Amino acid sequence: MAQETSTCNTPGGCDTLAIERKVSPWRVGGFIGPAVAFCGSWEGTFNSNKYRDKSLFNGIGFNAALNADYFFRSKTKPSRVQFGLGAVAGLQNFFFRKDINDFTDRIVAEAGVSDAVIRKGSSEDHYLAVGPVLNFNFTKKPRSPFLEASVRGGLFRSTPAAIFIYDRNTGNNIYSVTASDKRYHAGLLATLGFFVPSKNGLWAWGVEAIGFRTKMDYIFPGATIYPYQRKHGGFSAGLAMRRSFAWDAAVKKDPTPPLLCLSPDLEWKMGSESIKGHIFSTSKDTTAAGPILLTWTSRITPDTAKTETFTARIHQLNGAEDKVIASVVCQEGNQLAFPAAYLDKNGRPVTGQYYATVTSQLASDCASCTSEASSTGFSVVKPDTLIIKEPGCFKQCNLEIYAYKLVKTKRVVYGKSNTSCEGCICPVDTVPNTVSKYYLLGKIQVENCDPATLNINDEIAKANIKIPSWAKTVYSSVQTVVAGNCDLPQGVNKVNYKATVKKGQVGTFVPVVEKKKK
């Protein structure tokens, strides 16, 4: 027998090289947002006697930064927590606060100068910091939202806000605060951000907060130069992004081992007895039979790395027709029951030839095979008998669908005429009149008709008979003709039906009850 085919899913085959998605341990990012410097109180800052902190010249500014991080990978299973080392470089600029104008006006007024020149320069920071980075993924999915936190230490180049006020006429200095030549200081920078990856998983967008702490130096020139150093800090919050990197790389793979499929061993039993190759007669084999079950046994050695499935089909040969009456496709079971639709009242197969085919399929990660089909069968035959044809039954229904329409006409009135012969009856007048006019809508003939189950509405729809819009009631006369060997009374019978029409829809037809004459 030819090899039995199936619809099992088969792998496309494997090579000794495979493509693997590699994810880089490097990640870069960027940040931009408003910044605020921490400065203390205004009164405590601008005290000309004590020459204290002059940082309250700073107002709202901006912070822009770029970072690059390297994350260490675990040699065991991947973790939701990742630890890395990274660097960040950025620029901060703090604009002057509006109340600095009040401060400079007061200085000029106290000096009693009528023509003073005021020069101002805003504060800024350049920084480069290196330190540990911690990444926490909320889920184990590749596109999981994550938190990123870091603490970095590095070098800050800080330029304080500067003010220079002098008399235009004399050139004398009235007040000044400037940066010293000591602008580089060590500092700390901490970040915390929340990010959501994009669809491709390489980009991530979110929000981030940054805080920093360092030192800043001032010079107060005058008759005596007063140097001053203070603690300088602040924070910012804004939009941030992260960009990861991935690429496809070729990796070595072991060659695919070959697969060998073997045809399974079959057994077909009725109850506890084998029926392979048996021929049953419907006149002799009439006792109740046990369940009919097709079973099969694998002939290969079990292997957990391979999956063996089976495709089994039961066929019925009836004349020239080969019909599959039961089947399982690519299943791991080992039995198939005979279908109940092909069993008689004693649980035995109906007349016909039956055969079964079973094939074995094996599949690994990269290969698959299908065995030759194992087959077996049996037959159920019916002895030749003389068939005497009994008279048939003739049943036919003839339907007429009709309706009545009110039509306006004129009626002639007769009476005695004075102008003609004496006592003659002649037409003397015409008067308007309304009469019901019969309209035949269609005829239907239904063969092999049973009046008890006849549905007039369905027959009208099948015959595509149109009901006019003026019809309020539709009538149907049903003439039934019965002859031959039937279970109905023979002869011709006629029944009239009617149905009410509402909104263009015909209701259910009911018999017309004739009124008895008194």
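Everything quoted here is computed from the prediction, not taken from an experiment. Only heavy atoms go into these numbers, but all of them, side chains included; no hydrogens, no water, no symmetry mates. If you read the sequence from its start, that first residue is 1, and numbering goes on from there.
In this model, a donor atom of one side chain and an acceptor atom of the other lie less than 3.5 Å apart for Thr139 and Ser144. Between the side chains of Asn334 and Thr295, no donor-acceptor pair is found at a separation under 3.5 Å. In the model, Asp217 has no side-chain atom that pairs as donor or acceptor with a side-chain atom of Ser180 under 3.5 Å. Side-chain contact annotation: Glu267 with Ser274, donor-acceptor N/O pair under 3.5 Å present. At a cut-off of 3.5 Å, with distance as the only test, a side-chain donor of Thr309 or Gln361 sits close to an acceptor on the other residue. With no hydrogens or angles considered, no side-chain donor-acceptor pair links Tyr184 and Lys215 at under 3.5 Å. Judged by distance alone, the side chains of Asn464 and Lys466 do bring a donor and an acceptor atom under 3.5 Å apart. With hydrogens and angles left out, the side-chain atoms of Ser150 and Thr191 include a donor and acceptor closer than 3.5 Å. A side-chain N or O of Arg27 and one of Asn135 form a donor-acceptor pair less than 3.5 Å apart. Of the N and O atoms on the side chains of Glu308 and Ser298, at least one donor lies less than 3.5 Å from an acceptor on the other residue.
The closest side-chain heavy-atom distance from Pro264 to Phe310 is below 4.5 Å. Side-chain contact between Ile456 and Glu459: absent, with no pair of heavy atoms (C-beta onward) separated by less than 4.5 Å. Annotation: side chain of Val117 is not in contact with side chain of Phe164 (no heavy-atom distance under 4.5 Å). Between Val350 and Leu343 the shortest side-chain heavy-atom distance does not fall below 4.5 Å. Side-chain contact between Pro132 and Phe83: present, with at least one pair of heavy atoms (C-beta onward) separated by less than 4.5 Å.
Listed for the Arg143 side chain is a donor-acceptor partner under 3.5 Å among the backbone atoms of Lys199. Of the possible polar contacts, one joining the Asn455 side chain to the Asp458 backbone as a donor-acceptor pair under 3.5 Å is found. At least one donor-acceptor pair under 3.5 Å links the side chain of Ser371 to the backbone N or O of Ser360.
Within a 6.0 Å sphere centred on CZ of Phe235, heavy atoms belonging to other residues, nucleotides or ligands number 12 at most. Around atom NZ of Lys276, more than 12 heavy atoms belonging to other residues, nucleotides or ligands sit under 6.0 Å away. At most 12 heavy atoms of other shown residues, nucleotides or ligands fall within 6.0 angstrom of atom CG in Asp181. Around the CZ atom of Arg119, the shell of radius 6.0 Å holds no more than 12 heavy atoms that belong to other residues, nucleotides or ligands.
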In sequence, state the C-alpha distance, the side-chain angles, and the governing distance for Phe194 and Phe146, and then conclude on ring pair (Phe, Tyr, Trp, His ring centres under 6.0 Å). CA-CA 6 Å; Phe194 171 76; Phe146 61 89; 8.1 Å; no
Apply the test salt bridge (charged side-chain N to carboxylate O under 4.0 Å, His left out) to residues Arg183 and Asp125: give CA-CA distance (whole Å), side-chain angles for both, the deciding distance (0.1 Å), then the verdict. CA-CA 10 Å; Arg183 299 191 181 185; Asp125 298 291; over 6 Å; no
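Interatomic distance, OG of Ser79 versus CZ of Phe136, reported as 9.0 Å (0.5 Å rounding). The OG atom of Ser24 lies 11.0 Å from the CZ atom of Phe71; values are rounded to the nearest 0.5 Å. Annotation: the span from Leu260 atom CG to Cys369 atom SG amounts to 6.5 Å, rounded to 0.5 Å. The CZ atom of Phe62 sits 5.5 Å away from the CZ atom of Phe95 when rounded to the nearest 0.5 Å. For the atom pair Asp115 CG and Arg168 CZ, the distance stands at 4.5 Å (nearest 0.5 Å).
The residues Glu110 and Arg106 are annotated as salt-bridged, a charged nitrogen and a carboxylate oxygen being separated by less than 4.0 angstrom.
In this structure, Lys120 forms a cation-pi arrangement with Phe96, its terminal cationic atom sitting closer than 6.0 Å to the ring centre and no more than 45° off the ring axis.
Taking the six-membered ring for Trp and the full ring otherwise, the centers of His185 and Phe156 sit at least 6.0 Å from each other. Remark: aromatic rings of Phe103 and Tyr175 are close, center separation under 6.0 Å. In this structure, the ring of Trp268 has its center less than 6.0 angstrom from the ring center of Phe378.
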